[in-house]
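Here the structure comes first, spelled out in structure tokens, and everything after it is commentary.
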Amino acid sequence: MDLDLRKLRYFVAVAEHLNFGRAAEALHIAQPVLSRQIRALEAELKVQLFDRSSKGTVLTPSGERLLADARPLLAQASALLRRVGAAGTFAVGFMPGLVITPAVRLLASRHPGLRVDVVRTTWTDQVDVIHDGRVDVGYVRLPVPVDGLGIAPLATEPCVAVLPATHRLAGKEGVRQADLAGERIVHHDSTPGIRSVEEKLEHVALHGGVTILPLSTAVFYSREDLVHVPVEDIAPNEVALAWAAHRHTPLIDDFIAIARQV
């Protein structure tokens with residue numbers, strides 16, 4: 001049986017919304033069309049994917065299993081289409097503060113005719129851009145979910161506390177985590193609405209508190225109203241190169257060697 005990726009995409013939309021009407025709106029199709037496609041998929045697979053009742057729509061155990069497999073399958077299909085459409089290009093992702101120009105230039109010099117693109121990433125999408133094919137390799141700041149990835153460690157760097165220039169700890173040669181006790185820590189996964197380094201720094205500058213950053217990131221985003229102080233008892237930040245493990249190509253191998261060399 002050939003699996004229809006369009007029906008699979010429709011199934012994921014319904015599974016994520018658990019509402020046929022909202023899923024149809026998100027897909028920009030009519031609800032009856034969506035319902036027919038889901039029934040057709042259930043007939044093809046010979047399983048029931050949703051329990052529909054007056055109380056709402058829920059996934060069946062078969063639906064839950066399909067959803068777990070469908071998301072990575074659709075991501076791989078999307079990545080394949082991107083790579084086919086971008087033949088002759090090589091994209092490199094990088095986190096804020098990391099300078100990748102020397103490695104990118106060396107790769108381009110070794111492969112005349114190859115267009116090398118760079119994509120700036122964030123804490124929230126540095127792995128997503130690898131899985132969905134937007135980049136071929138990415139400079140990531142660990143830890144990251146490593147499932148499906150190849151990882152090549154590159155370097156470590158100290159972490160610093162970034163705080164307002166008027167803060168009681170400004171001017172210290174170093175601090176320890178105990179010195180930050182009671183401070184409001186601005187972090188991407190604990191502070192609502194904070195997704196980027198720029199937003200962290202604006203939040204600290206406007207509202208006070210502290211954010212912890214790798215040294216190179218703090219230096220890259222230096223500003224007069226903020227200072228950074230080394231945190232002596234926080235483990236160094238680890239920088240690594242990551243790629244999708246299922247597509248370890250000679251070009252990726254070449255870039256790994258270049259990144260380690262540079």
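The structure displayed is predicted, hence computed values, not measured ones.
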Residue pair [X] / [Y]: nearest heavy atoms and the distance that separates them:
X: Glu173; Y: Val229; answer: C-CG1, 4.3 Å
X: Ala26; Y: His17; answer: CB-CE1, 3.8 Å
X: Leu98; Y: Ser216; answer: CD2-OG, 4.3 Å
X: Ala24; Y: Ala30; answer: CB-C, 4.1 Å
X: Pro96; Y: Thr121; answer: CD-O, 3.3 Å
X: Gly208; Y: Pro164; answer: CA-CG, 4.1 Å

Heavy atoms, side chains only, cut-off 4.5 Å: are [X] and [Y] in contact?
X: Phe20; Y: Val14; result: yes
X: Thr101; Y: Val104; result: no
X: Leu67; Y: Val12; result: yes
X: Arg176; Y: Val231; result: no
X: Arg52; Y: Ile38; result: yes

Query raised in the report: CD of Gln261: more than 12 outside heavy atoms within 6.0 angstrom?
Result: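 Yes, the 6.0 Å shell around CD holds more than 12 heavy atoms from other groups.
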Report task. May I ask you to check whether over 12 heavy atoms, not counting those of Arg105, lie within 6.0 Å of atom CZ? Result ->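 No, because the 6.0 Å sphere around CZ of Arg105 holds 12 heavy atoms or fewer from other groups.
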Grouping I, L, V, M, F, W and Y whenever their side-chain heavy atoms are under 4.5 Å apart, do [X] and [Y] come out in a common cluster?
X: Val58; Y: Val47; answer: no
X: Leu114; Y: Leu241; answer: yes
X: Val239; Y: Val99; answer: no

Hey, is the main chain of [Y] close enough, under 3.5 Å, to the side chain of [X] for a donor-acceptor pair?
X: His207; Y: His203; value: no
X: Thr60; Y: Leu49; value: yes
X: Asp233; Y: Gln177; value: yes
X: Asn237; Y: Glu157; value: no
X: Gln37; Y: Tyr10; value: no
X: Thr211; Y: Val186; value: yes

Query raised in the report: Can you list the steps and then say if Val219 with Val160 is a side chain to side chain contact (heavy atoms under 4.5 Å, CB included)?
Result: CA-CA 10 Å; Val219 170; Val160 298; over 6 Å; no
Query raised in the report: Hey, mind stepping through His131 and Arg71 against side-chain hydrogen bond (donor to acceptor under 3.5 Å, both in side chains) and telling me if it holds?
Result: CA-CA 11 Å; His131 286 309; Arg71 282 173 169 151; over 6 Å; no
Query - side chain to side chain contact (heavy atoms under 4.5 Å, CB included) against Val227, all qualifying residues, sequence neighbours excluded - result: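 Partners of Val227 under the side chain to side chain contact (heavy atoms under 4.5 Å, CB included) test: Leu163, Ala165, Ala170.
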Distance check, rounded to the nearest 0.5 Å: [X] atom [atom1] versus [Y] atom [atom2]?
X: Leu201; Y: His228; atom1: CG; atom2: NE2; result: 11.5 Å
X: Met95; Y: Trp123; atom1: CE; atom2: CH2; result: 4.5 Å
X: Lys7; Y: Leu34; atom1: NZ; atom2: CG; result: 12.0 Å
X: Ile252; Y: Leu107; atom1: CD1; atom2: CG; result: 10.5 Å
X: Arg141; Y: Cys159; atom1: CZ; atom2: SG; result: 8.5 Å
X: Glu183; Y: His167; atom1: CD; atom2: NE2; result: 3.5 Å

Query - NZ/NE/NH1/NH2 to OD/OE distance under 4.0 Å, Glu232 and Lys172 - result: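 Salt bridge absent between Glu232 and Lys172.
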Report task. Inspect the contact between Arg134 and Asp128 and indicate whether a charged nitrogen and a carboxylate oxygen are less than 4.0 angstrom apart. Result ->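 Between Arg134 and Asp128 there is no salt bridge, as every charged N stays at least 4.0 Å from the carboxylate O atoms.
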Query raised in the report: Only one of Thr249, Ile256, Leu251 forms a side chain to side chain contact (heavy atoms under 4.5 Å, CB included) with Asp253, so which one is it?
Result: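 Answer after filtering Thr249, Ile256, Leu251: Ile256.
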Report task. Going by the side chain to side chain contact (heavy atoms under 4.5 Å, CB included) test, name the single residue among Val162, Leu213, Ile212 that passes it with Lys200. Result ->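 The option that passes is Leu213.
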Requested in this report: For Arg115 and Phe90, run side chain to side chain contact (heavy atoms under 4.5 Å, CB included): C-alpha distance rounded to whole Å, both residues' side-chain angles, the deciding distance at 0.1 Å, then the answer.
Outcome: CA-CA 6 Å; Arg115 192 184 83 193; Phe90 189 85; over 6 Å; no
Query raised in the report: Once the angle between the rings of Phe11 and Phe50 is folded into 0 to 90°, is it parallel (under 30°), tilted (30 to 60°) or perpendicular (over 60°)?
Result: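 Rings of Phe11 and Phe50: tilted, 30 to 60°.
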